[in-house]
A.B. asks: 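Provided herewith is a single structure, encoded as structure tokens, for subsequent inquiry.
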Amino acid sequence: MGDLIMLYQPTPIQEIKGEWNRQQVRLLIKREDMNHPFCSGNKWWKLKYNLEEARTLGHHTLLTFGGAYSNHLYATAAAANELGFKSIGIVRGEEVRPLNATLAFAESCGMKLHFVSRGWYRTKISAESVRELQLLFGDFYLIPEGGTNHLAVKGCTEWAQHLTREVQFTHCCLPVGTGGTMAGLLEGFGADKKVIGFPVLKGAEFLREEVSRFTQRQPHFQFQYHFGGYAKTTPTLLDFMSIIETAHGLTLDQVYTAKMMFGVLDLVYQNFFERNATVLMLHTGGLQGRLRPNDSP
Ligand SMILES: *Cc1c(COP(=O)(O)O)cnc(C)c1O
């Protein structure tokens, strides 16, 4: 399957320095947001082996699910377009035209958007719903919501192996949605590295079980940095985001990476990390979902 490789641009690691860091903790951020213009960050790694599998099984169409602002829908549409798959996006909620920027982009990549009620969406992976989708759309390769399955975990395990070869660190911190990325990283790192996940959803205790579906390794979570829940923000978070962006010349998004970075800096401030720890933060990409003046979150 050597021919099925999406564009991948090597990404830098940036050091985050500041007067506020008196704890002698070294802070690095892996700028995986720069790996691909449209299928960025962890989504590149989560899709990699799914795309290979779809091709191996002879499918020509990818079908997946997401909300109207989903990074996963956006990335899947871009990947399908690049590799010559057709794509179908099952979108939660009523169709609103004009489409928001996320869905407009997906459609411009050739993704066929199919809007379903929230009730239907909840049952989307039941055998009956999948049969209904097959009647509507014919044959497809199904990628779950958020892209998390064992092939996504495999891709993130490979990412962890790359990171291990690239730089020395003691802790790896990342924002967590479904936990698929975190599970893959846990599998790929040696026991000398601690992985700390920052869930962006409120009430995310289910993640312990979810992550343990894919790995025996023990995940560590910091549950207190969700800022009200998925896609919720506060003035504090948005101020933090703009201060960091200006001071360090990088771009964050309010849904994932800003919350994780706020959490990490807060933990540094609270002396959570041992002296001489090296903390590698992962910029998981998804900047398409960054607040824009005409979009409400
Ligand atoms: C999807 C996404 C995540 C969450 O990844 P999971 O594997 O679902 O935990 C984190 N950050 C960004 C930017 C994302 O788009």
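Along the sequence shown, residues carry numbers from 1. Numbering of ligands and ligand atoms starts at 1, following listing order.
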A.B. asks: By number and element, which atoms of ligand 1 are closer than 4.0 Å to a non-hydrogen atom of Gly285?
C.D. replies: 13 (C)
A.B. asks: Heavy atoms only, cut-off 4.0 Å: how does Asp253 contact ligand 1, side chain, backbone, both, or neither?
C.D. replies: neither
A.B. asks: Can you list the ligand 1 atoms lying under 4.0 Å from a non-hydrogen atom of Thr181?
C.D. replies: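 Here the atoms of ligand 1 in question are 5 (O), 6 (P), 7 (O).
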A.B. asks: I'd like to know if Glu158 and Lys48 make a salt bridge, using a cut-off of under 4.0 Å between side-chain N and carboxylate O.
C.D. replies: yes
A.B. asks: Flag this pair as yes if the NZ/CZ of Lys124 is under 6.0 angstrom from the six-membered ring centre of Tyr121 and inside a 45 degree cone about the axis; otherwise no.
C.D. replies: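 Verdict for Tyr121: a cation-pi partner in Lys124.
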A.B. asks: May I ask you to identify, for Lys46, whether its side chain, its backbone, both or neither come under 4.0 Å of ligand 1 on a heavy-atom basis?
C.D. replies: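 Side chain only.
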A.B. asks: Can you find an N or O of Thr257 that's nearer than 3.5 Å to an N or O of ligand 1?
C.D. replies: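 Looking only at distances, the answer is no, because the N/O contact criterion of under 3.5 Å is not met.
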A.B. asks: What residue and heavy atom of the protein are closest to atom 4 (C) of ligand 1, and at what distance?
C.D. replies: Gly177 N, 3.5 Å
A.B. asks: From Glu32 CD over to Ser40 OG, what is the distance, rounded to the nearest 0.5 angstrom?
C.D. replies: 9.0 Å
A.B. asks: If the plane angle is over 60° it's perpendicular, under 30° parallel, otherwise tilted; pick one for Phe137 and His114.
C.D. replies: perpendicular
A.B. asks: Quick check on contacts: which atoms of ligand 1 are under 4.0 angstrom from a heavy atom of Gly179?
C.D. replies: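 Listed by number with element, the hits are 6 (P), 8 (O), 9 (O).
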A.B. asks: What do we get for Thr178 next to ligand 1 when only non-hydrogen atoms under 4.0 Å count, side chain, backbone, both or neither?
C.D. replies: both
A.B. asks: For ligand 1, is there an N or O atom under 3.5 Å from any N or O atom of Gly146?
C.D. replies: no
A.B. asks: Taking side-chain contact (heavy atoms from CB on, under 4.5 Å) as the definition, give me every residue that meets it alongside Thr164, ordered by chain and number, with sequence neighbours left out.
C.D. replies: Phe189, Lys193
A.B. asks: Any idea which protein heavy atom is nearest atom 5 (O) of ligand 1, and the distance to it?
C.D. replies: Asn42 ND2, 3.0 Å
A.B. asks: Which of the numbered atoms in ligand 1 are below 4.0 angstrom from a heavy atom of Asn71?
C.D. replies: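 Counting from 1, the qualifying ligand atoms are 13 (C), 14 (C), 15 (O).
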A.B. asks: With respect to Tyr256, determine whether any N or O atom, backbone or side chain, lies less than 3.5 Å from an N or O atom of ligand 1.
C.D. replies: no
A.B. asks: Assess, by modelled atom type and distance only, whether the side chains of Thr170 and Thr278 contain a donor and an acceptor separated by less than 3.5 Å.
C.D. replies: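 Thr170 vs Thr278: no donor-acceptor pair found between side chains.
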A.B. asks: Given the rule in the side chain to side chain donor-acceptor pair (under 3.5 Å) test, do Thr215 and Glu187 qualify, once you have shown the distances and angles that lead to the verdict?
C.D. replies: CA-CA 6 Å; Thr215 179; Glu187 282 290 280; 2.7 Å; yes
A.B. asks: Would Asp139 and Gln134 count as having a side-chain donor-acceptor pair, cut-off 3.5 Å?
C.D. replies: no
A.B. asks: Which residue supplies the protein heavy atom nearest to atom 14 (C) of ligand 1, what is that atom called, and how far is it?
C.D. replies: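 Here the closest protein heavy atom is Lys43 NZ, 2.9 Å.
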A.B. asks: Would Lys154 and Tyr49 count as a cation-pi pair here, with the cationic atom under 6.0 angstrom from the ring centre and within 45° of the axis?
C.D. replies: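 Judged by the rule (NZ or CZ under 6.0 Å from the ring centre, within 45° of its axis), Lys154 counts as positioned above Tyr49.
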A.B. asks: Can an N or O of Val176 be found at a distance shorter than 3.5 Å from an N or O of ligand 1?
C.D. replies: no
A.B. asks: Would you mind telling me if ligand 1 is within reach of the side chain of Met182, the backbone, both or neither, using heavy atoms under 4.0 Å?
C.D. replies: neither
A.B. asks: Can you tell me the protein heavy atom closest to atom 11 (N) of ligand 1 and the distance?
C.D. replies: Thr284 OG1, 2.7 Å
A.B. asks: For the rings on Tyr69 and Tyr74, is their centre-to-centre separation under 6.0 Å?
C.D. replies: no
